[in-house]
Amino acid sequence: MVSLKYFKGLLLSTHYAPSFKWSEDFKAYVAPAYNYASALEYFRKGEIEVDDNVMDPLPFPIVKDNIKLREYQERALRLWLSRKRGVLVLPTGAGKTVIGIKALSTLKVATLIVVPTIELLHQWADKIEELLDASPGIIGGGEDRLSGITVITYDSAYIKVEQLGNKFPFVIFDEVHHLPSIGYINIAELMASPFRMGLTATPEREDGRHVLLEDRVGPVLVRLHPSQLSGKYLAEFKTKRLYVELTPKEKEKYEELRGKFISYLRKKGFRMSSPRDFQRLIYLAGRDKDARDALLAWHESMKISINSESKLEKLKEILKEYLGHKIIVFTRDVDMAYKVSREFLIPAVTYLTPKDERKEILSKFRTGDYKVIVASNVFDEGVDVPDASVGIVLGGYGTSRQMMQRLGRILRKSEGKVATLVEIVSKGTSDHNLSRRRSSATK
DNA sequence: TTGACTCAACATCCTTTGCTACAA
DNA sequence: TTGTAGGTTTCCATGTTGAGTCA
């Protein structure tokens with residue numbers, strides 16, 4: 001007979017199992033708690049009886065369930081239920097929350113829902129109340145109420161995982177691409193929960209750590225692109241890329257800075273073929289002045305190419321062309337957002353905008369008092385942005401995630417709507433590279 | 001309870017040309 | 001001769017958010 005128990009994110013076993021190591025301190029075989037399901041499986045196969053004291057689940061509340069799923073949601077849920085582990089990749093607006101809630105009301109076990117922002121904390125809580133007629137626990141954003149269905153931020157989960165790790169047989173990671181980061185991965189590893197669901201529109205991370213998801217949450221079970229839902233469930237959309245030239249003055253400065261950067265690379269025989277190489281340069285910049293100067297030149301050249309004056313000219317034309325439409329203009333940095341705001345008398349939202357002001361701007365955009373708003377990267381995730389029909393990308397990262405999120409902002413379906421995402425790109429510059437890299441999102 | 005503040009964590013950050021040493 | 005890898009640990013700058021503290 002094996003005795004198996006939970007202690008602060010760890011499993012303690014009297015017998016060996018894969019991933020377990022002997023610990024003198026505990027006088028037991030020890031492994032991170034996420035090995036719980038596989039350890040049980042191992043003992044079962046070996047026909048070894050287990051005295052299982054791992055889970056100490058909270059009671060599941062009484063809930064109503066009138067949830068009707070769309071056919072693709074149904075299919076995704078069915079697939080997930082067949083193994084009760086895995087990641088569902090669905091575009092923004094496809095109703096990931098509803099699938100998660102249906103899953104927990106089907107399993108009827110205590111569930112922890114982990115989300116990245118306080119805004120999502122409340123969105124999930126509201127949706128649970130609406131669909132299940134139950135009031136969930138909330139941990140984070142100043143609240144600390146534990147219940148059989150609890151929504152928690154990644155930050156709070158990170159802090160409390162040792163206490164909560166065996167209270168929830170089911171854990172849902174919303175925006176699961178956050179999970180593999182160095183700190184947050186502990187949440188997945190120190191929880192014993194055998195049932196796990198990850199939700200995201202884009203699991204891939206620039207640092208490549210998304211490969212950890214398969215082991216900690218499960219494999220990608222479903223992957224739907226906006227184009228597969230457009231027409232029926234999401235608005236139809238088209239994308240356009242418009243090119244502009246840098247002004248002669250910008251071009252001169254750009255070439256100069258770029259030259260500085262490249263001549264440093266050449267001088268040092270630096271090859272830039274992967275993010276690791278760039279990381280190396282950053283590391284060097286911490287101790288070598290030339291490297292630092294080269295990196296600063298690179299930063300500045302980037303800024304020039306992304307925030308060219310010509311883009312503002314082009315923006316003026318596009319705003320005229322789509323006069324009367326609801327438009328969101330996206331920039332890469334705060335400076336450009338405020339520049340656009342000043343020149344076109346458009347309200348701007350950035351991370352510097354006070355909460356109340358942001359709320360007011362979004363509410364006026366919702367009602368149509370504001371037809372156009374400009375935002376830096378703040379709408380990339382977890383913000384309930386009112387629907388628009390035109391998105392104009394002045395600048396951004398080279399990630400398909402950001403592009404996908406921005407596209408998602410204009411895809412809410414309404415009668416006869418065709419959404420348009422316009423990208424304005426500085427030709428022959430690093431801005432063009434960024435645009436190419438992120439473009440896979442819209443195909 | 002709120003608001004202002006600080007702090008910590010996370011995310012992005014690449015595509016130039018062709019050196020040098022070593023392995024196949 | 002040809003092809004390929006080469007050396008590294010907390011991190012140039014900026015943007016964004018959540019938690020915690022204190023008035």
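Every chain is numbered from 1 and lettered A, B, ... according to where its sequence line falls, protein lines coming before strand lines. No hydrogens, no waters, no symmetry mates; every other heavy atom, side chains included, goes into these values.
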Engineer: Can you build the contact string for nucleotides 15-20 of chain B? Use B for base contact, S for sugar-phosphate-only contact, and - for no protein heavy atom under 4.0 Å.
Structural biologist: BBSB--
Engineer: Considering only distance and modelled atom types, tabulate donor-acceptor pairs under 3.5 Å from the side chains of residues 180-187 of chain A, sequence neighbours left out.
Structural biologist:
residue  : atom : partner  : partner atom : Å
A:Ser181 : OG   : A:His178 : O            : 3.3
A:Tyr184 : OH   : A:Asp155 : OD2          : 3.2
A:Asn186 : ND2  : A:Gly183 : O            : 3.0

Engineer: With sequence neighbours left out, what residues match A:Glu162 under salt bridge (charged side-chain N to carboxylate O under 4.0 Å, His left out)?
Structural biologist: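 For A:Glu162 there are no salt bridge (charged side-chain N to carboxylate O under 4.0 Å, His left out) partners, ignoring immediate neighbours.
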Engineer: Return each pair, listed once, that meets side chain to side chain donor-acceptor pair (under 3.5 Å) where at least one residue sits in residues 351-362 of chain A; pairs must be two or more places apart or across chains.
Structural biologist: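 As it turns out, the side chain to side chain donor-acceptor pair (under 3.5 Å) pairs with a partner in residues 351-362 of chain A, which skip direct neighbours, are A:Glu360-A:Lys364.
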Engineer: Just the rounded figure in Å: distance from P of B:dC14 to CG of A:Leu295.
Structural biologist: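 These atoms are roughly 10 Å apart.
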Engineer: Among residues at least two apart in sequence or on other chains, which ones pass salt bridge (charged side-chain N to carboxylate O under 4.0 Å, His left out) with A:Lys326?
Structural biologist: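 Listed in chain order: nothing, the list is empty.
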Engineer: Taking only heavy atoms on the protein side, list every residue of residues 142-151 of chain A lying under 4.0 Å from any atom of DNA chain B, sorted numerically.
Structural biologist: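 When residues 142-151 of chain A is checked for heavy atoms under 4.0 Å from DNA chain B, there are no hits whatsoever.
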Engineer: Please give the distance between the P atoms of C:dG6 and B:dC13 as a whole number of Å.
Structural biologist: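 Taking atom P in both C:dG6 and B:dC13, they lie 25 Å apart.
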Engineer: Collect all protein-nucleotide pairs involving nucleotides 21-23 of chain C in which both atoms are nitrogen or oxygen and the distance is under 3.5 Å.
Structural biologist:
none

Engineer: For residues 127-142 of chain A, which side-chain N or O atoms pair as donor and acceptor with protein atoms under 3.5 Å away, sequence neighbours left out?
Structural biologist:
residue  : atom : partner : partner atom : Å
A:Asp133 : OD2  : A:Lys64 : NZ           : 3.2

Engineer: Base, sugar-phosphate, or nothing: which does A:Ser156 touch, judged by heavy atoms less than 4.0 Å apart?
Structural biologist: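 Counting heavy atoms under 4.0 Å across all strands, the contact made by A:Ser156 is with sugar-phosphate only.
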Engineer: What pairs meet the salt bridge (charged side-chain N to carboxylate O under 4.0 Å, His left out) rule with one or both residues in residues 100-113 of chain A, with sequence neighbours excluded?
Structural biologist: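 Checked against salt bridge (charged side-chain N to carboxylate O under 4.0 Å, His left out) - neighbours excluded - the pairs reaching residues 100-113 of chain A are A:Asp65-A:Lys102.
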Engineer: Does any residue of residues 110-122 of chain A have a heavy atom under 4.0 Å from DNA chain C, and if so, which ones, in number order?
Structural biologist: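 Hits under 4.0 Å, by residue number: A:Pro116, A:Thr117, A:Ile118.
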Engineer: Can you see if the side chain of A:Arg280 gets near the phosphate of B:dC14 - specifically, an N or O under 4.0 Å from OP1 or OP2?
Structural biologist: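 No, because none of the side-chain N or O atoms of A:Arg280 sits under 4.0 Å from OP1 or OP2 of B:dC14.
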Engineer: Could you tell me whether the phosphate oxygens of C:dT14, OP1 or OP2, come under 4.0 Å of any side-chain nitrogen or oxygen in A:His299?
Structural biologist: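 Looking at the OP1 and OP2 atoms of C:dT14, neither is under 4.0 Å from any side-chain N or O of A:His299.
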Engineer: Under 4.0 angstrom, heavy atoms only, what part of the nucleic acid is A:Ile159 near: base, sugar-phosphate, or nothing?
Structural biologist: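 The residue A:Ile159 makes sugar-phosphate contact but no base contact.
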Engineer: Contacts to DNA chain B from residues 196-217 of chain A, heavy-atom cutoff under 4.0 Å, which residues?
Structural biologist: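 Close to the strand are A:Arg205, A:Glu206.
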Engineer: With rounding to whole Å, what would you report as the distance between B:dT15 and C:dT4 at their P atoms?
Structural biologist: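 The same atom, P, in both gives a distance of 22 Å.
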Engineer: Apply salt bridge (charged side-chain N to carboxylate O under 4.0 Å, His left out) to A:Glu206 and list each qualifying residue two or more places apart in sequence or on a separate chain.
Structural biologist: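 Per chain and number, A:Glu206 pairs via salt bridge (charged side-chain N to carboxylate O under 4.0 Å, His left out) with A:Arg437.
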